[in-house]
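Below is one structure, written out as structure tokens; comments come after it.
All residue numbers refer to positions in the sequence shown, counting from 1. Below, each value reflects all heavy atoms present in this structure, side chains not excepted, and no hydrogens, waters or symmetry copies.
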Amino acid sequence: MILGVPWWVFLMIIFIFISGYMAFRAMRAERELEYQFIEKEGKVYMDRLEELREEKSSKERNQHGSE
């Protein structure tokens with residue numbers, strides 16, 4: 001016993017800190033996964049917009065060319 005405190009109390013305090021660290025790591029990893037998902041979905045959306053923009057401009061060119 002150190003300072004009149006049983007050894008298992010120190011062990012529990014260490015486990016609490018380890019648990020907090022692991023929760024922090026998990027939170028960071030999940031945030032990174034979420035960011036990657038958002039980036040991927042944003043790219044899909046931007047690609048779709050670009051395709052629609054190209055289709056629209058090609059239709060406009062075809063309409064002006066046939067007049």
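Contacts of I38 classified as side chain to side chain contact (heavy atoms under 4.5 Å, CB included), with partners at least two apart in sequence or in another chain: E34. Here S58 pairs with nothing under the side chain to side chain donor-acceptor pair (under 3.5 Å) rule; sequence neighbours left out. Under the side chain to side chain contact (heavy atoms under 4.5 Å, CB included) criterion, M46 pairs with L49, not counting sequence neighbours.
In the hydrophobic cluster analysis, where Ile, Leu, Val, Met, Phe, Trp and Tyr join through side-chain heavy atoms closer than 4.5 angstrom, F17 is grouped together with M12. By the criterion of side-chain heavy atoms lying less than 4.5 angstrom apart, applied directly or through intervening Ile, Leu, Val, Met, Phe, Trp or Tyr residues, I18 is not grouped with I16; the two fall into different hydrophobic clusters. No chain of hydrophobic side-chain contacts below 4.5 Å, direct or via other Ile, Leu, Val, Met, Phe, Trp or Tyr residues, connects F37 to L33.
Pairs of residues two or more places apart, or lying in two chains, that qualify as side chain to side chain donor-acceptor pair (under 3.5 Å) and include a residue from residues 39-50 are Y35-E39, K43-D47, E50-R53.
Separation of atoms CD1 (I14) and OG (S19) is listed at 13.5 Å; rounding is to 0.5 Å.
If you chain together ILVMFWY residues whose side-chain heavy atoms come under 4.5 Å of each other, F24 ends up grouped with M27.
Contact check for E32 versus Q36: side-chain heavy atoms found under the 4.5 Å cut-off.
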